[in-house]
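Structure first, commentary second.
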Protein chains: 2
Amino acid sequence: MTGRPRTFDIEDRLELAMRVFWRHGYEGTALSDLTAAMGINRPSLYAAYGNKEALFRQCLDHYHRGPARHVREALDEPTGRAVAEHLLRGTVAVVTREEGPGCLLVNGALATGEGSAAVRADAAARRAEARAALRARLRLAAEAGEFTPGTDPAVLADYLTTLTHGLAVRATDGTPAEELHRTVDFALLTWPDA
Amino acid sequence: MTGRPRTFDIEDRLELAMRVFWRHGYEGTALSDLTAAMGINRPSLYAAYGNKEALFRQCLDHYHRGPARHVREALDEPTGRAVAEHLLRGTVAVVTREEGPGCLLVNGALATGEGSAAVRADAAARRAEARAALRARLRLAAEAGEFTPGTDPAVLADYLTTLTHGLAVRATDGTPAEELHRTVDFALLTWPDA
DNA sequence: CGGGTTCTGTACCGATCGATATGGTAGCGT
DNA sequence: ACGCTACCATATCGATCGGTACAGAACCCG
């Protein structure tokens, strides 16, 4: 049953693969880039992760559990405003990290060729998930009367989603964290507190 | 001196090439995709435009003169608020067009492999240009006393830039124009008029 | 109606893409 | 010690990548 043991840790090397996809995107990353960065050879990669597409999806999972954890954690904040602040501050912190810069969900597969349509759809679905979760959370905040009357929590959530994506693009262009935080400052300044 | 005349119009086919790059990005677009969409064969493409990279740059120029014209035109509005409204409304209109969807400057080459670094830098430089122009325009508005005291026009400009990029990403995900306009509604609601 | 020039169309180039066949190697159970 | 199993490493697969050589065709000029 047992055989020669694997000489590397799957989770550790997944982190290394994620960084390559993060920086160069799905289509901009070649198998040779991955094997070089991960320190393993091609058949080992295929045995451990399946293929390039499956590896990318596992990197998306790893990204969600790791660098993008704040998106999930922000929802646990007690108020809508605290959710927004946690989400935006956390986004700035992640998209300005050296691994990227930017956001893997945005950089990874925003526009692709026909052959990578499934990967693009997967990344888009995960962005949609985050948006839906944020909408649901702010709806609760609205029902608790946290916002000024007439405020649509769905619009507010989509507004925040728009900001996070925009911050990711600007970070990819090399904008420093300090500057992005000033954008967040302004956005939070106009928050519709009741 | 003269020879066999070209059987197509360079500018017309440039429009067709732009749509392919717009939808699939620089690396996601193959020469065969371009020649098929443009209705010309490979040597004709190279004779008319140089190579793939040069063609992409000409598409960026074409994009700036055409679909993204509103970015330049918005600056001519009389007030900062009108500039913002023109920019955001125009952005929504462009990024939800069927050619894309999204923004060519964002979709085209956000994250690329090493071989396409020059193209990525070109797209980033054009995004930076738009940002700088918007900063300069809002600085004039600030000097005219249009904003509430203490408002940094550079921060305001970067905030708008963040929104436009975020709108582009959301449009790429298939978000309809109506929904994006609601995000713009909210953003304009909180504009710091003096 | 040729000569010169430029474009078109086919067919092809080397390089690289993602993916794999094959044989050697390291460990576990008996 | 030996066989079974699973992983490692080299070498290679067909397909596709961006780019081009070459020959024929279409036009202007004389």
Side-chain angles (χ1 to χ4, degrees), chain A residues 1-14 16-18 20-21 23-60 108-109 111-120 122, chain B residues 1-14 16-18 20-21 23-60 108-109 111-120 122:
Chain A
M1 222 50 163
T2 70
R4 178 174 177 178
R6 187 172 278 120
T7 61
F8 60 93
D9 182 84
I10 289 190
E11 199 75 3
D12 285 351
R13 307 303 169 99
L14 191 59
L16 298 175
M18 181 192 68
V20 181
F21 282 130
R23 183 174 292 274
H24 299 297
Y26 179 75
E27 289 184 330
T29 299
L31 258 314
S32 54
D33 297 328
L34 291 167
T35 54
M38 299 168 79
I40 62 179
N41 22 35
R42 218 165 281 220
S44 297
L45 188 152
Y46 277 81
Y49 305 97
N51 59 13
K52 186 189 178 187
E53 182 176 332
L55 173 59
F56 182 74
R57 289 185 205 274
Q58 291 170 61
C59 286
L60 292 183
T112 69
E114 302 287 354
S116 309
V119 167
R120 180 181 63 227
D122 194 347
Chain B
M1 223 45 162
T2 68
R4 178 174 175 175
R6 185 172 280 119
T7 62
F8 60 93
D9 182 83
I10 290 190
E11 199 74 3
D12 286 349
R13 307 303 170 101
L14 191 59
L16 297 175
M18 180 192 69
V20 182
F21 281 129
R23 183 174 291 273
H24 298 296
Y26 179 74
E27 288 184 330
T29 300
L31 258 313
S32 55
D33 297 329
L34 291 168
T35 54
M38 300 168 78
I40 62 180
N41 14 35
R42 220 167 281 224
S44 297
L45 189 152
Y46 277 82
Y49 305 97
N51 59 12
K52 186 189 177 185
E53 182 176 332
L55 173 59
F56 182 75
R57 289 185 206 274
Q58 291 170 61
C59 286
L60 292 183
T112 69
E114 303 287 355
S116 309
V119 167
R120 181 181 62 227
D122 195 346

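Predicted model, so just to flag it, every value in this text is computed and none were measured. Both backbone and side-chain heavy atoms feed into the values below; hydrogens, waters and symmetry mates do not.
Atom CE in B:Met38 sits roughly 15 Å away from atom C1' in C:dT8 (whole-Å rounding). If you take CG of A:Asp33 and C1' of C:dC17, they are 11 Å apart, rounded to a whole angstrom. Distance, A:Glu114 CD to D:dA15 P: 20 Å, rounded to whole Å. Regarding B:Arg13, its CZ atom lies at a distance of 13 Å from the C1' atom of C:dT8, rounded to whole Å. The distance from atom CG of A:Leu34 to atom C1' of C:dA19 is 13 Å, rounded to the nearest whole Å.
Scanning both residues, B:Gly39 and B:Arg13, for their nearest heavy atoms gives O-NH1, 3.6 Å. Among all heavy-atom pairs drawn from B:Tyr49 and B:Asp9, the shortest one is OH-O, 4.5 Å.
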Test A:His24 against A:Asp33 for side chain to side chain contact (heavy atoms under 4.5 Å, CB included), laying out the working first. CA-CA 10 Å; A:His24 299 297; A:Asp33 297 328; 5.6 Å; no

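Across all strands shown, A:Ser116 has no heavy atoms under 4.0 Å from either base or sugar-phosphate atoms. Looking at heavy-atom distances under 4.0 Å, A:Thr29 makes contact with sugar-phosphate atoms alone, never a base.
Residue A:Leu34 holds its CG atom at 4.5 Å from CZ of A:Phe21, rounded to the nearest 0.5 Å.
Considering only side-chain N and O atoms, B:Thr7 lies nowhere under 4.0 angstrom from the phosphate OP1 or OP2 of C:dC7. Of the side-chain N and O atoms in B:Asn41, one or more sit less than 4.0 angstrom from OP1 or OP2 of C:dG9.
A donor-acceptor pair is defined here as one N or O able to donate and one able to accept, closer than 3.5 Å; no such pair exists between the side chain of A:Glu27 and the backbone of A:Ser116.
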Every protein N/O within reach of nucleotides 24-30 of chain D N/O, cut-off under 3.5 Å:
unit_1	atom_1	unit_2	atom_2	d
D:dG24	N2	B:Arg4	NH1	3.1
D:dA25	N3	B:Arg4	NH1	3.2
D:dA26	O4'	B:Arg4	NE	3.4
D:dC28	O4'	B:Thr2	OG1	2.7

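Checked against C:dG18, D:dG18, D:dC8, the side chain of B:Leu31 finds its nearest nucleotide in D:dG18.
Stacking of A:Arg6 on the aromatic ring of A:Phe8 is recorded, both the 6.0 Å distance cut-off and the 45° axial limit being met. Cation-pi contact between B:Lys52 and B:Tyr26: present, with separation from the ring centre below 6.0 Å and deviation from the ring axis of at most 45°.
Defined by atom type and a distance below 3.5 Å, a donor-acceptor pair is present between the side-chain atoms of B:Thr112 and B:Arg120.
A heavy atom closer than 4.0 Å to some atom of DNA chain C occurs in A:Arg42, A:Pro43, A:Tyr46, A:Asn51, A:Lys52, these being the qualifying members of residues 42-56 of chain A.
With sequence neighbours excluded, the residues satisfying side-chain hydrogen bond (donor to acceptor under 3.5 Å, both in side chains) with A:Arg57 are A:Glu53, A:Asp122.
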